[in-house]
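In this text the structure is predicted, and so the values were computed from the model without any measurement. A note on names: the letters A, B, ... follow the listed sequences, proteins ahead of strands, and every chain is numbered from 1.
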Protein chains: 2
Amino acid sequence: MSFDKDDSAGYLANHMARLFAAALTRRIAPLGLMPGQFMVLLELWREDGLTQRDLVERLDVEQATMANTLNRMERDGLIARAPDAADRRARRVRLTDRARALEAPATEAATEVNARALARLAPGDRARFSEMLQGVIAALRADR
Amino acid sequence: MSFDKDDSAGYLANHMARLFAAALTRRIAPLGLMPGQFMVLLELWREDGLTQRDLVERLDVEQATMANTLNRMERDGLIARAPDAADRRARRVRLTDRARALEAPATEAATEVNARALARLAPGDRARFSEMLQGVIAALRADR
DNA sequence: CCATATTACATAGCAAGCTATCCATACAAG
DNA sequence: CTTGTATGGATAGCTTGCTATGTAATATGG
């Protein structure tokens, strides 16, 4: 009858995400990175020179959130923003050498966090778990 | 070889939590509630008159986070804080009538969000999913 | 061509997470 | 009892989310 938070997917999702963020922060802060910056770098390591709009679409955050995160990354010397040749509204986001050098250590840190997090799941369950997360994400996006 | 965010449990956890928060916000904002306040109310509906310390332990957030959330809840007329009789450092957190009246509509909203989120999972997978979330949470807490 | 729409980005302000500090009170050891 | 430590809470300041709004540039319809 009463609502049990430890049985609520939404509550567990929040708790899990906070723990993941803390675990990642512990491992990448020594690199001078924060989790929000890391996810931007994931996209730029894959394809450099994206616009803010591209990043917003790929990471599914609001434009204002991305603008602020990019400001902090520029302040920290991770990216540079240069005007787009064809569209003067847009600014291309490019990695600095410093950011390029962080790819290997930062992705290793994230891989280790994921491995530890999933360590208690039966090996066969790990892929199932990712699929379920993706299914829930798809359902929530459809509901939006 | 390269790190794929759509296969990273940590990234998916963050994305899922943001979508859950947005879905819950849409449904409880009309009640004058925000998600962080809702999770405090879940504990107080179960047991009124807890201290800040109790809430910190039960919800696994930092003391400073709880202090700020309780300040907003007091400002919004959801709780009142009264000095503890036995320990003058502590302040008992008590629900207002307004907060008590929100239990049914707010838990209904959260139940509906959970149902929609899990709608795409096979019925038998839904309990499995919660167990897996709890397993990941336990692993991350142990790592901390 | 020009008025209007839309698009790309910036800014302000709020919530909720965090760490680091500080204060006041309580408790425990000498 | 006094002194040192532990505990409950408050406060400052940061990141990363969000909404709402403003501005400049582009695209479009008549």
What is the distance, rounded to the nearest whole Å, between atom [atom1] of [X] and atom [atom2] of [N]?
| X | N | atom1 | atom2 | value |
| --- | --- | --- | --- | --- |
| A:Met66 | D:dT19 | CE | C1' | 17 Å |
| B:Leu33 | C:dC14 | CG | P | 19 Å |
| A:Arg91 | D:dA24 | CZ | C1' | 13 Å |
| A:Leu19 | C:dG17 | CG | C1' | 12 Å |
| B:Phe38 | C:dA16 | CZ | C1' | 16 Å |
| A:Arg92 | C:dC9 | CZ | P | 9 Å |
| B:Glu57 | D:dT7 | CD | P | 11 Å |
| B:Asp54 | D:dT7 | CG | C1' | 13 Å |

Query raised in the report: Could you state the interatomic distance from CD (B:Gln134) to CG (A:Asp7), rounded to the nearest 0.5 Å?
Result: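 Reported value, rounded in 0.5 Å steps: 6.5 Å.
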Query raised in the report: Roughly how far, to the nearest 0.5 Å, is the CD1 atom of A:Ile28 from the CG atom of A:Leu102?
Result: 9.5 Å
**Report entry** Along DNA chain C (nearest heavy atom to each residue), the more 5'-positioned of A:Leu70 and B:Gly36
**Finding:**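 This one resolves to A:Leu70.
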How would you label the contact of [X] with the nucleic acid (heavy atoms, under 4.0 Å): base, sugar-phosphate, or nothing?
| X | answer |
| --- | --- |
| B:Thr51 | sugar-phosphate |
| A:Asn14 | sugar-phosphate |
| B:Met73 | nothing |
| A:Arg81 | sugar-phosphate |
| B:Asp84 | nothing |
| B:Ala67 | base |

Using atom names, set out every protein N or O paired with an N or O of nucleotides 18-21 of chain C below 3.5 Å, distance rounded to 0.1 Å.
| residue | atom | partner | partner atom | Å |
| --- | --- | --- | --- | --- |
| C:dC18 | OP2 | B:Glu62 | N | 2.9 |
| C:dC18 | OP2 | B:Thr65 | OG1 | 3.1 |

Report task. State which of D:dA25, C:dT25, D:dT15 makes the closest approach to the side chain of B:Asp87. Result -> C:dT25
Query raised in the report: Of all the nucleotides listed (C:dA15, C:dC9, C:dA26), which has the minimum atom distance to the side chain of B:Arg75?
Result: C:dA15
With no hydrogens and no angle check, is any side-chain donor or acceptor of [X] less than 3.5 Å from a backbone partner on [Y]?
| X | Y | value |
| --- | --- | --- |
| B:Arg81 | B:Glu74 | no |
| A:Asp76 | A:Leu78 | no |
| B:Arg94 | B:Ala80 | no |

Query raised in the report: What's the base orientation of C:dA5: syn (chi within 90° of 0) or anti?
Result: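 Base orientation: syn.
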Requested in this report: Scan side-chain atoms only and decide if B:Thr111 and B:Asn114 contain a donor-acceptor pair under the 3.5 Å cut-off.
Outcome: no
Query raised in the report: Which base, if any, makes a Watson-Crick or G-U wobble pair with C:dC18, both distances under 3.5 Å?
Result: D:dG13
Query raised in the report: With nearest nucleotides of DNA chain D determined for A:Met34 and A:Arg88 from heavy-atom distances, which residue corresponds to the more 5′ nucleotide?
Result: A:Met34
Report task. Could you tell me whether the phosphate oxygens of D:dT7, OP1 or OP2, come under 4.0 Å of any side-chain nitrogen or oxygen in B:Arg53? Result -> no
Report task. Let me see the working for A:Asn14 and A:Arg18 under side chain to side chain donor-acceptor pair (under 3.5 Å), right down to the final yes or no. Result -> CA-CA 6 Å; A:Asn14 170 276; A:Arg18 286 190 285 117; 2.9 Å; yes
Report task. Mark yes or no for a side-chain to base donor-acceptor pair under 3.5 Å between A:Arg89 and C:dT7, with no hydrogen or angle criteria applied. Result -> yes
Query raised in the report: Taking the side chain as C-beta and beyond, is there a heavy-atom pair between A:Phe3 and A:Ser8 under 4.5 Å?
Result: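 Yes, close enough: below the 4.5 Å cut-off.
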